[in-house]
Amino acid sequence: MENEININSLIYPLFIIKGEKKKEPINSMPGIFRMSSDILLKEIEELKALGINRVLLFGIPDKKDDDATEAYKDNNIISEAVKLIKSNFPNMNVMTDVCLCAYTSHGHCGIIDNQKIDNKKTLLTLSKIALSHACAGADYVAPSAMADNQVAAIREELNHNGYQDTKIMGYSAKFASSFYGPFRDAADSAPKFGDRRAYQLDYRDKESALKKVQDDINEKADIVMVKPALSYLDIIKEVKDKFNYPLAAYNVSGEYSMVKLGVQEGFFNERKIVTEIMTGIKRAGADMIITYHAKDLADWSKNEK
Ligand code: PBG
């Protein structure tokens with residue numbers, strides 16, 4: 001059927017921490033864990049068995065500083081995880097989030113100078129992070145800092161170092177949203193002062209969102225993204241209609257947790273409500289959906305047969 005969910009189009013986010021045998025439940029996101037890389041391998045094995053072939057990795061360091069050094073130093077948490085996955089499961093499509101907020105002591109997505117994001121320094125840092133992930137074997141790097149020209153800067157750095165084949169998924173239309181609340185708890189990445197409205201989009205402003213998508217396409221992103229998904233289905237549709245470009249939608253933490261809590265309370269049938277939501281996102285025009293529900297969806301589709 002048209003608009004049926006294809007498990008191969010789902011991208012499952014994973015939160016990686018240092019250490020061994022660690023699997024910490026995330027309070028604000030029932031069913032989702034932070035895990036060390038040994039547990040990660042078991043998780044990937046499970047995903048493979050379920051038919052999920054794409055993951056998006058987020059690193060949560062144990063140390064933070066103003067320059068986000070933990071994000072790009074040699075053998076950083078994500079490059080180690082990528083190497084491990086790729087050496088054991090070469091066919092797994094590994095995407096990595098490229099941002100600073102989980103690594104900076106102030107929790108903002110860029111390098112701060114005088115209480116403001118310094119675009120040039122931020123682009124340099126994002127490029128270093130992306131290069132470290134590409135060297136480790138990431139298939140896609142996904143800059144989410146909403147820094148102007150981030151895709152172009154990263155593309156140039158990757159090409160310059162011989163990583164022409166590493167692709168880029170831009171978090172193109174990323175709105176300043178309350179729906180990221182549970183994620184910030186998971187990644188310990190809430191800003192310590194101010195908010196992200198200086199660099200994330202105002203949800204009243206559709207034109208800027210379309211412009212950001214156009215910018216990312218001009219800068220040679222391989223996939224563009226709309227985030228969050230549910231309150232932005234019109235944007236998803238318009239981006240697909242206008243650009244007809246590979247498009248991901250991010251069904252974010254708050255959208256996930258609302259559903260999970262409702263299910264836990266017995267208000268919804270989980271399979272039915274999640275399937276309805278995913279179909280809506282797909283129908284709006286998303287080619288790929290980044291979702292914490294991916295494992296459940298894959299599980300249900302197996303049980304059908
Ligand atoms: C990092 C980033 C965020 C999310 C993905 N990458 C948080 C934010 O912008 O505060 C949110 C994902 C989610 O809520 O599931 N910039």
Side-chain angles (χ1 to χ4, degrees), residues 10-16 26-34 55-61 64 68 70-71 77-78 95-104 106-112 117 122-123 125-126 129-130 133 140-148 150-151 154 168-203 209 212 223-232 248-261 277-278 281 286 288-295:
L10 302 177
I11 303 171
Y12 190 58
L14 290 162
F15 298 100
I16 322 296
I26 298 165
N27 200 16
S28 56
M29 302 177 70
I32 305 296
F33 299 83
R34 300 186 194 91
V55 290
L56 175 61
L57 307 184
F58 293 92
I60 307 167
K64 298 174 194 266
E70 288 290 317
I77 186 161
I78 290 300
M95 308 171 129
T96 60
D97 186 80
V98 174
C99 198
L100 274 59
C101 56
Y103 299 89
T104 49
H106 45 70
H108 278 285
C109 302
I111 303 291
I112 301 278
I117 303 252
T122 300
L123 292 183
T125 307
L126 290 169
I129 299 173
H133 297 175
Y140 281 83
V141 293
S144 69
M146 289 303 277
D148 287 339
Q150 58 181 5
V151 170
I154 289 172
I168 301 180
M169 174 167 71
Y171 279 68
S172 318
K174 178 174 177 180
F175 291 89
S177 170
S178 295
F179 287 104
Y180 308 148
F183 175 97
R184 291 179 187 172
D185 183 35
D188 185 22
S189 64
K192 300 289 181 290
F193 64 88
D195 55 41
R196 300 209 206 289
R197 281 180 299 179
Y199 44 99
Q200 296 183 353
L201 296 163
D202 182 332
Y203 50 69
K212 279 281 178 192
I223 300 175
V224 293
M225 190 198 300
V226 173
K227 173 185 173 195
L230 284 185
S231 303
Y232 302 88
Y250 199 145
N251 174 230
V252 300
S253 59
E255 299 175 314
Y256 169 83
S257 295
M258 284 196 307
V259 169
K260 274 286 185 195
L261 292 186
I277 289 171
M278 292 303 138
I281 299 171
M288 285 151 274
I289 305 176
I290 305 166
T291 179
Y292 305 96
H293 294 293
K295 278 169 75 176

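Atoms within each ligand, like the ligands themselves, are counted from 1 in listed order.
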- Query: With sequence neighbours left out, what residues match Asp185 under salt bridge (Lys or Arg N to Asp or Glu O under 4.0 Å)?
  - Reply: none

- Message: Between Ser172 and Gly170 (side chain of the first, backbone of the second, donor and acceptor by atom type, cut-off under 3.5 Å), is there such a pair?
- Response: yes

- Item | Side-chain donor/acceptor of Glu255 to backbone N/O of Leu230, under 3.5 Å | yes

- Query: Given Glu255, Arg184, Met146, which has its nearest heavy atom closest to atom 8 (C) of ligand 1?
  - Reply: Arg184

- In terms of atom number and element, which parts of ligand 1 are under 4.0 angstrom from non-hydrogen atoms of Tyr292? 12 (C), 13 (C), 15 (O)

- Those atoms of ligand 1 less than 4.0 Å from some heavy atom in Asp97: 6 (N)

- Message: Whether the side chain of His108 engages the backbone of Phe193 through a donor-acceptor N/O pair (distance < 3.5 Å, no angle test) should be reported.
- Response: yes

- Query: Got a donor-acceptor contact below 3.5 angstrom from the Tyr199 side chain to the Cys109 backbone?
  - Reply: yes

- Item | Close N or O approach (Ser189, ligand 1; < 3.5 Å) | no

- cation_pi(Lys174, Tyr250) dist<6.0 Å, angle<=45: no

- Under 4.0 Å from a heavy atom of Cys101: give me the atoms of ligand 1 that qualify, with their elements. 1 (C), 16 (N)

- What atoms of ligand 1 come closer than 4.0 angstrom to any heavy atom of Ser253? 13 (C), 14 (O), 15 (O)

- Task: With heavy atoms of Lys174 as the reference, note each atom of ligand 1 found under 4.0 Å away.
- Result: 1 (C), 2 (C), 3 (C), 6 (N), 8 (C), 9 (O), 16 (N)

- Lys227 neighbourhood, listing ligand 1 atoms whose heavy-atom distance to it stays under 4.0 Å: 2 (C), 3 (C), 4 (C), 5 (C), 6 (N), 11 (C), 12 (C)

- Item | Under 4.0 Å to a heavy atom of Tyr250 - the qualifying atoms of ligand 1, by number | 12 (C), 15 (O)

- When you measure from atom 12 (C) of ligand 1 to every protein heavy atom, which one gives the shortest distance, and what is it? Phe183 CD1, 3.3 Å

- Numbered in order shown, the ligand 1 atoms found under 4.0 Å of a heavy atom of Arg196 are 8 (C), 9 (O), 10 (O)

- Would you say the side chain of Ile77 lies within less than 4.5 Å of the side chain of Glu70, judging by non-hydrogen atoms? no

- Query: Is there a donor-acceptor pair closer than 3.5 Å between any side-chain N or O of Lys64 and the backbone N or O of Ala102?
  - Reply: yes

